[in-house]
Amino acid sequence: MALFSLMLIPFVISSDAASACQNTDDFVGASSPGDIIIGGLFAVHSEMLHPEEHPIKPVIQNCAGFEIQIFLQTLAMIHAIEMINNSTLLSGVTLGYEIYDTCAEVTKAMASALRFLSKSNTSKDIVEFKCNYSDYVPRIKAVTGASYSEVSMAVSRLLALQLIPQVSPASSAEILSDKIRFPSFLRTIPSDFHQTRAMAHLICESGWNWIGVIATDDDNGRFAVESFGVQAMANSVCIAFKEMLPAYLSDNTFHTKVDRAIEKIVKETRVNVIVVFMRQFHVLKLFKKAIERKVKKIWIASDNWSTAVKISTMPNIRKLGTVVGFGFKNKDMSTFQDFLRNLHERPTENNKFLLEYIMLLSVCAHLDNYDFQMCISSQSQYDLMQNVENKQQIWRDDFLNANIEPGFIHSTILAVYAIAHAIKGQCKDRNCKDPSAFTPWELLEELKRVTIIDDDKEIKFDSKGDMSSGYDVLLWKEVDGRMEITTMAEYDPENGYFIFEDEEKKKDFLDLKKVPSTCSQHCRPGQMKKVTESPHTCCYECVYCPENHYSNRTDMDYCYRCHNKTYWAPVNSTTCYRKTIHFLGWTDWFAIFLLLLSAFGVVLIFSISAIFTKNLSTPVVKASGGLTVCYIILLSHFFIFLSTVFFIGEPTEFKCRTRQALFGISFALCISCILIKSLKILLAFSFDPKLQNFLKCAYKPIFIVFICTGIQVIICTFWLIFRTPFVKQNFSIPRAIILECNEGSVVAFGIMLGYIAALAFICFICAFKGRKLPENYNEAKFITFGMLIYFIAWIVFIPVYVTTFGKYLPAVEIIVILISNYGILCCTFFPKCYIIIYKQETNTKSAFLKMIYTYSSKSVGSVAVSQISLDSKSSSSRITASDSCNAEKSSVNGNCHFQVPGPTPVKEEDVLKKATRTLSRKRLSSI
């Protein structure tokens, strides 16, 4: 058994200590007896030395790389146990401990775990193989540790055989939350799930999306990278590269891979943020090389090294850029610092770690600051034993205090107290001085339910065995020429947001955004991402949002569509704009012009009415059908002009239903009355007996007007009932909404117009037959012209109406209505008004009789000629006309002379005069 014996100062070390452990007692790094023993697993050394001889033998070797921070964690465990023993928490029961050094090596940790499984109160370390360990009592009741997740995974599987509780203050791998694979594992820190999510949130909120990741190639590093990859993807963060460094510094490829990682960082100029999941001694090697290459980035530190003083005190560390890390929550360290001040007074017989630290102080006493730190870390146990002779002991209180990592110290103390509270629960009704009073698996069940008061807050393990106490967001700031690790914010894992104590710390957080780390430039509002050929979604081009689309945030994957048809957006828009409502308004210049035309038409109607009323007894007015018919026609024209008003202004349901019906019925009434006049004229001046008989039978003025107008009323009624017009929003113009009237049924609209056209056509035919009436009273000719104007206007209207869109569409119909209405009104009444005003000499009864007499004489002569011609053809004797009647040359008296060959000439003059007088009287009375 190799024992370190403190014989005198300087230390004298036996030669046996230079080799590896000789028995299991050499394995224990620190121990203390007690009624209940708690095991401890800490990586006090960073690596285990490997033998150079061959073949390799299964011998546990010495370790190198003394880790001050982990050493302080062992002291924290000892301090917590002593505080519990000196308190009333476990009255009458003392806790003991056995702390082992894992050397960050799974193999050595497994050897320690095997000793934990050995049976209690036996002279030999024997692990019994059993099918049921329910009553098995091992030498320890619970384990605190290990320092690294990879070690904890291996140890936990072994401890799970007996369900020995393992409470780790540092192992944060997300996989350890799996209670199926690790049923006895618990921890006083959050899972890496929360840490990686916090990192992704920090990166996302800082505006970074193109980052690098460097991790150790072990279970902890791989699981951390995997978890971070998932969180990064969820926050639209892309990983430009991932570099995995060997887990052991003794690996021959370590330095080569460090160089390759640095080359990758230098090459990727757009990557300014590096996330590092590594152990502290790995980070030291990486940063040393990065400082040589003058790499300046933002480094996101995991909880493994975010509070590492030996890294923050590296020479020229400020040249690396900014370090932002996540550390575990901590509390006041004053009691632990008091413990450290008295550490030099403690015996070292049962604490090899303390003994080694004292020897390291002596060996490295001639160095200062960082060199002193490196000296301590670089000494192997074998070299230390060779160099310690004749060295003077120097104690440094400030060195231990400076290297305290509060988060790990707090979580270690918390782990011990959690086990103590669980033991208290088991010892209520039991004599816990007896090691077999309870078994580890019973303690595990108690531990899952335990509640601890920490800083006046109740904390306990969740269903996954984790304590989600949150994180401190740490910022390394240069103060007075040296790097200090300050708390910038707190991260709440439950709600997923950062909490700032004051504005200054929030400003430090916002200053991080000044450093860009993106694959592509940020797309501004009004733009969207267009994915390029790169496999990463963070590498994209920024393109403008198309028309009717918008984006109102930075780096949007797609543009929102202006869903509502009442909104629009131009190209490169950041918002939607309400479309302008368009219709033919009252203030529109063209609408005013059309209204003036309609108003002028109304003025004409009232003027004509006044003229006709004043000259009521004149032949022209009487020949026009009398005042009643004229008033009805003029009233129809008035309503037609009035209907144009309903085409102007904002469309409403009432306007849409009224305008076409009012126009259609009024126009049908107007044409019906004009048709009656045409039939009357044709009846008065027709010489065809058959036609006259037909017209006499068919000529029922009131009935015809009622029927013709009534049919239109029925058409419009059915139209309004079954397919009524309605207000429609026309979206054909991109930036405007055209309010217009939808006719409801194009068929009904066509039938209405078609019916008017049919009446107009009949009227046109009747008027056309009477186009050769007396010159002074040729109303049929003007009716024909009026109907022609109507036809031309509406024929032109159809293609123009179909091809026109926009707010001026109603104006097209208004124009056609005005043209046809003015045409019929002018052709019907203007000639009469002209005679009444300017040809008063012809507006007398005698003038009318003379005109009719002259026209009748010509008509009778023509009839006589036609009759004689027919008689001569049927006669057996040949008749020769000696003098033919020329209607155009004999317009003075209308007489024609005929010579019939034969002995006796016949004179027709008397007969014609008599017939003319009779016909003239009949026509005058008819008119």
Side-chain angles (χ1 to χ4, degrees), residues 34-36 38-40 73 76-77 79-95 97 140-145 152 156 159 163-172 176-179 182-191 193-195 328-333 335-336 406-430 432 437-472 490-495 499:
D35 299 322
I36 298 173
I38 299 175
Q73 291 179 36
M77 178 178 173
H79 170 60
I81 290 174
E82 291 181 357
M83 286 181 64
I84 292 168
N85 288 337
N86 294 328
S87 70
T88 58
L89 181 61
L90 298 174
S91 299
V93 179
T94 58
L95 296 180
Y97 56 84
I140 53 96
K141 297 294 184 182
V143 176
T144 300
S152 289
S156 181
L159 297 179
L163 289 180
I164 297 176
Q166 178 188 356
V167 184
S168 174
S171 300
S172 57
L176 289 169
S177 296
D178 187 347
K179 295 300 104 181
F182 308 100
S184 62
F185 180 84
L186 301 99
R187 53 189 164 195
T188 54
I189 57 172
S191 162
F193 168 80
H194 299 292
Q195 180 180 217
F328 303 126
K329 300 287 292 182
N330 60 78
K331 67 174 185 178
D332 182 29
M333 295 284 109
T335 57
F336 181 63
F408 286 108
I409 300 300
H410 176 61
S411 61
T412 302
I413 295 173
L414 205 59
V416 175
Y417 268 87
I419 294 171
H421 278 79
I423 292 172
K424 180 182 179 181
Q426 287 293 310
C427 294
K428 286 181 180 178
D429 303 320
R430 301 179 188 181
C432 287
F438 61 89
T439 56
W441 67 268
E442 292 176 308
L443 182 63
L444 176 63
E445 293 302 314
E446 188 71 36
L447 197 57
K448 292 177 182 179
R449 301 187 298 267
V450 75
T451 300
I452 308 171
I453 306 298
D454 182 52
D455 284 342
D456 299 326
K457 294 181 181 178
E458 288 188 356
I459 56 173
K460 60 182 180 180
F461 298 103
D462 60 20
S463 60
K464 296 180 179 180
D466 305 333
M467 279 189 180
S468 299
S469 55
Y471 292 94
D472 286 332
E490 294 181 18
Y491 178 76
D492 184 357
E494 292 184 1
N495 300 309
I499 304 170

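In what follows, residues are counted from 1 in the order of the sequence shown. Bear in mind the structure is a predicted one, so any value in this text is a computation, not a measurement.
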J.: Given the rule in the side-chain contact (heavy atoms from CB on, under 4.5 Å) test, do Leu186 and Leu444 qualify, once you have shown the distances and angles that lead to the verdict?
T.: CA-CA 9 Å; Leu186 301 99; Leu444 176 63; 3.6 Å; yes

J.: What's the spacing between Asn86 CG and Thr94 OG1 if we round to 0.5 Å?
T.: 11.0 Å

J.: Is the side chain of Lys141 donor-acceptor paired with the backbone N or O of Phe438 at a distance under 3.5 Å, no angle test?
T.: yes

J.: With rounding to the nearest 0.5 angstrom, report the CD1 to CD1 distance, Ile140 to Ile419.
T.: 9.0 Å

J.: Any non-hydrogen side-chain atom of Met83 less than 4.5 Å from a side-chain atom of Val416?
T.: no

J.: Applying the side-chain hydrogen bond (donor to acceptor under 3.5 Å, both in side chains) test to Asp466, which of Ser172, Ser191, Ser177 qualifies?
T.: Ser177

J.: Salt bridge check, Arg430 against Glu442: does any charged N sit closer than 4.0 Å to a carboxylate O?
T.: yes

J.: Just by distance, do the side chain of Asp472 and the backbone of Lys329 share a donor-acceptor pair under 3.5 Å?
T.: no

J.: Any side-chain donor-acceptor pair under 3.5 Å between Arg187 and Ser411?
T.: no

J.: So, do Glu458 and Ile453 sit near enough that their side-chain heavy atoms are less than 4.5 Å apart?
T.: yes

J.: In Å and rounded to the nearest 0.5 Å, what is the CZ to OG distance from Phe182 to Ser168?
T.: 12.0 Å

J.: Are Met467 and Ile189 close enough, and set up right, to give a side-chain contact (heavy atoms from CB on, under 4.5 Å), and what steps lead you there?
T.: CA-CA 5 Å; Met467 279 189 180; Ile189 57 172; over 6 Å; no

J.: For Lys464, check salt bridge (charged side-chain N to carboxylate O under 4.0 Å, His left out) against everything at least two apart and list the hits.
T.: none

J.: What pair of heavy atoms forms the shortest contact from Thr412 to Gln73, and how long is it?
T.: CG2-O, 3.5 Å

J.: Do the side chain of Gln166 and the main chain of Gly145 share a donor and acceptor less than 3.5 angstrom apart?
T.: yes

J.: So Asn330 and Ile409, do their side chains get closer than 4.5 Å, heavy atoms only?
T.: no

J.: To the nearest 0.5 Å, what is the distance between CD1 (Ile164) and CZ (Phe185)?
T.: 15.0 Å

J.: If you round to the nearest 0.5 Å, how far is CD of Gln195 from OH of Tyr471?
T.: 4.5 Å

J.: The test is side chain to side chain donor-acceptor pair (under 3.5 Å); show your working for Asp454 and His410 and say whether it passes.
T.: CA-CA 10 Å; Asp454 182 52; His410 176 61; 3.1 Å; yes

J.: Shortest non-hydrogen contact from Ala422 to Val450?
T.: N-CG2, 4.0 Å

J.: Compare every heavy atom of Leu176 with every heavy atom of Ser152, then report the nearest pair and how far apart it is.
T.: CB-CD1, 4.2 Å

J.: Could you go step by step and tell me if Glu445 and Arg449 meet the side-chain contact (heavy atoms from CB on, under 4.5 Å) rule?
T.: CA-CA 7 Å; Glu445 293 302 314; Arg449 301 187 298 267; 4.0 Å; yes

J.: Holding to salt bridge (charged side-chain N to carboxylate O under 4.0 Å, His left out), I want the full list of residues that pass it with Lys179, two or more places apart in sequence or in another chain.
T.: none

J.: Taking the side chain as every heavy atom from C-beta outward, state whether Thr188 and Pro169 have any pair of such atoms under 4.5 Å apart.
T.: yes

J.: For Ala420 and Leu89, work out which heavy atoms get closest and say how close.
T.: CB-CD2, 3.7 Å

J.: Evaluate Ile423 against Leu95 for side-chain contact (heavy atoms from CB on, under 4.5 Å), listing each step before the verdict.
T.: CA-CA 10 Å; Ile423 292 172; Leu95 296 180; 3.7 Å; yes

J.: To the closest 0.5 Å, what do you measure between CG (Leu90) and CG (Asp35)?
T.: 9.5 Å

J.: Under 4.5 Å between any side-chain heavy atoms of Phe328 and Pro190, yes or no?
T.: yes

